[in-house]
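Read the structure below first, then the notes.
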There are 2 protein chains.
Amino acid sequence: MRAVRQGRKIDSGSDRAPVGELSRPVLERLAICHQLAVRAGEEGAENMSSAQMANLLNVDETLVRKDMATVGIAGKPRVGYPTGQIIKRLEEVLGLSEYTDAVLIGCGSLGSALLRYPGFSKYGLRIAAAFDADYNKVNQRVGDYTILPMEKCRSVIDTFAVEVAVLAVPAAVAQETADWLVARGIRAIWNFSPIHLRVPADVVVRNENLALGLAELIHHLKRKGAKD
Amino acid sequence: MRAVRQGRKIDSGSDRAPVGELSRPVLERLAICHQLAVRAGEEGAENMSSAQMANLLNVDETLVRKDMATVGIAGKPRVGYPTGQIIKRLEEVLGLSEYTDAVLIGCGSLGSALLRYPGFSKYGLRIAAAFDADYNKVNQRVGDYTILPMEKCRSVIDTFAVEVAVLAVPAAVAQETADWLVARGIRAIWNFSPIHLRVPADVVVRNENLALGLAELIHHLKRKGAKD
DNA sequence: ATCATATCGTGAAAATAATCACGAATGGGA
DNA sequence: TCCCATTCGTGATTATTTTCACGATATGAT
């Protein structure tokens, strides 16, 4: 049996300085470094140099060294940084090493895909239950989950002390759903609706805005095309 | 019947200065401003002030004014910026006003969800066809599409002069699939695999890295929780 | 054992991004 | 009509992020 309580350190003895607030660029690079290290490890590499990582990240190698220093990963001259330590330490820092419980709201096509997405559990997110306001969807099975009616959401949040919600509802009801969740104790929202949510200052929102990604991609494509 | 050729301006007479390279932060804010303006417009607002947008974006209002200036949107003192013009101009700048053709590779749960996602066409991306290497999936219908075998991908790319690919294949084959696509003329990849792709310098990649988003969300949640 | 070289670590400098401060313009009310 | 409050526009300043420059250190070859 496994502890369910999220957000608690499972003191494993190797905790280092808790690392202060990390800025977005740093966090982004660290997450990518984690992936790179995992891949390198799978390919048998014991170490990675800052130059290797920097090359893949398209930044100066100094910056990678600074990032490593920020989270307390030490390298060795002429060798690099040990992949094992990169992976382990970054999983601590990025919060990937402990499970976090979440509820998923909205089981349309995107929500259903997220429910089936194996990556979540790999990255430490455990969907406690999935909900939909549409009674036609309630009781349907999606992957390992049975869709529950919104009425039951409150008790699940309370029972598991869930603080994170994955929001995949239509744009039209995204804001009101977010308000409802916040009122019921949700402290962090991973928002997949194409709406910029307005929440109290003590609630964290990450907008996974596909429109934005698309805009950025197309903008760059056009720029490149124009250039050559 | 509709023109199919993508990437061509449908000269509508209102083209302004083509706007140089926009940095990522600017692009991000503009995309959000677009959404805000759409919502405000739906609620009947003729204008938005920089202060309103800044408040929703959590930045200084000056910055919003600078962004507007960057893309050539003018406001009026005491009134603000006309929502209609914000929407129209930003759709031009962000490339949302003309259709761009794309192929979608990988029709697993995420790929299928993307195929069904109505937001794409709203934001100017037209999926020409969807492909999967798994013959069990070929000929299945997903939304409005029939999954095609990878063998047919090349001819679709050539026929429609497709430059954009949406990549939703498993991590293990993401890199090789990307290489294959690039070799066949794809110039931009919207990557949903949890892998940092390596591509030639003249190819644009946008990594829609869910693990990264999750890491950022959880990191901030922990920070907040520790603070109060 | 010593040297040459690759790579880390870090303070200084440069580049980029965001905010501040304030003048200019506009619409509404006395 | 003229003033006042509001909001835009933008140069100067500050903060943040990235790169540069260079000394320190460990490994492998002679």
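Lettering follows sequence order; numbering is per chain, from 1.
- Looking at residues two or more places apart in sequence or on another chain, you find a side-chain hydrogen bond (donor to acceptor under 3.5 Å, both in side chains) between B/S50 and B/R65.
- In this structure, B/E46 atom CD and C/dG27 atom P are separated by 14 Å, rounded to whole Å.
- Scanning for ring-ring contact (aromatic ring centres under 6.0 Å, His included) contacts around A/F120 gives A/Y117, A/W190, with sequence neighbours left out.
- Of all nucleotides listed (C/dT19, D/dT19, D/dC8), D/dC8 comes nearest to the side chain of B/Y81.
- Heavy atoms of A/V26 sit nowhere under 4.0 angstrom from any nucleic acid atom.
- Protein atom CG of B/D60 is 18 Å distant from nucleotide atom P of D/dA12, rounded to whole Å.
- Scored by the side-chain hydrogen bond (donor to acceptor under 3.5 Å, both in side chains) test, A/T70 finds no partners at all (sequence neighbours excluded).
- Taking for each of B/M68 and A/D67 the nucleotide of DNA chain D with the nearest heavy atom, the 5'-most of the two is the partner of B/M68.
- In this structure A/D67 satisfies the side-chain hydrogen bond (donor to acceptor under 3.5 Å, both in side chains) test together with A/R29, sequence neighbours excluded.
- Looking at A/K66, its side chain has no donor and acceptor atom pair within 3.5 Å of the base of D/dT17.
- Within residues 28-44 of chain B, no residue approaches DNA chain D, by heavy-atom distance under 4.0 Å.
- Every residue was checked against the salt bridge (charged side-chain N to carboxylate O under 4.0 Å, His left out) condition with A/R116, not counting sequence neighbours, and none meets it.
- Residues satisfying the salt bridge (charged side-chain N to carboxylate O under 4.0 Å, His left out) criterion with B/R184, sequence neighbours excluded, are absent altogether.
- At least one donor-acceptor pair under 3.5 Å links the side chain of B/H196 to the backbone N or O of A/L56.
- With sequence neighbours excluded, no residue forms a ring-ring contact (aromatic ring centres under 6.0 Å, His included) with B/Y123.
- Remark: A/R206 pairs with A/E208, B/E216 by the salt bridge (charged side-chain N to carboxylate O under 4.0 Å, His left out) rule, at least two apart or across chains.
- Residue B/E61 contributes atom CD, which lies 12 Å from atom P of D/dG9 at whole-angstrom precision.
- Residues of residues 49-56 of chain B that place a heavy atom closer than 4.0 Å to DNA chain C do not occur.
- Distance B/Q85 CD to D/dC8 P: 13 Å, rounded to the nearest Å.
- Residues forming a salt bridge (charged side-chain N to carboxylate O under 4.0 Å, His left out) with A/R198 (at least two apart in sequence, or on another chain): none.
- At D/dT10, none of the side-chain N or O atoms of B/T62 fall inside 4.0 Å of OP1 or OP2 (strictly under the cut-off).
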Base contacts versus sugar-phosphate-only contacts with protein, heavy atoms under 4.0 Å: please encode nucleotides 22-30 of chain D as B, S and - from 5' to 3'.
---BBB---
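- With respect to B/E92 and B/R89, a salt bridge is recorded, a charged nitrogen being found less than 4.0 Å from a carboxylate O.
- Atoms CZ (A/R24) and P (D/dT18) sit 12 Å apart, rounded to a whole Å.
- When rounded to the nearest whole Å, the span between CG of B/L63 and P of D/dG11 equals 16 Å.
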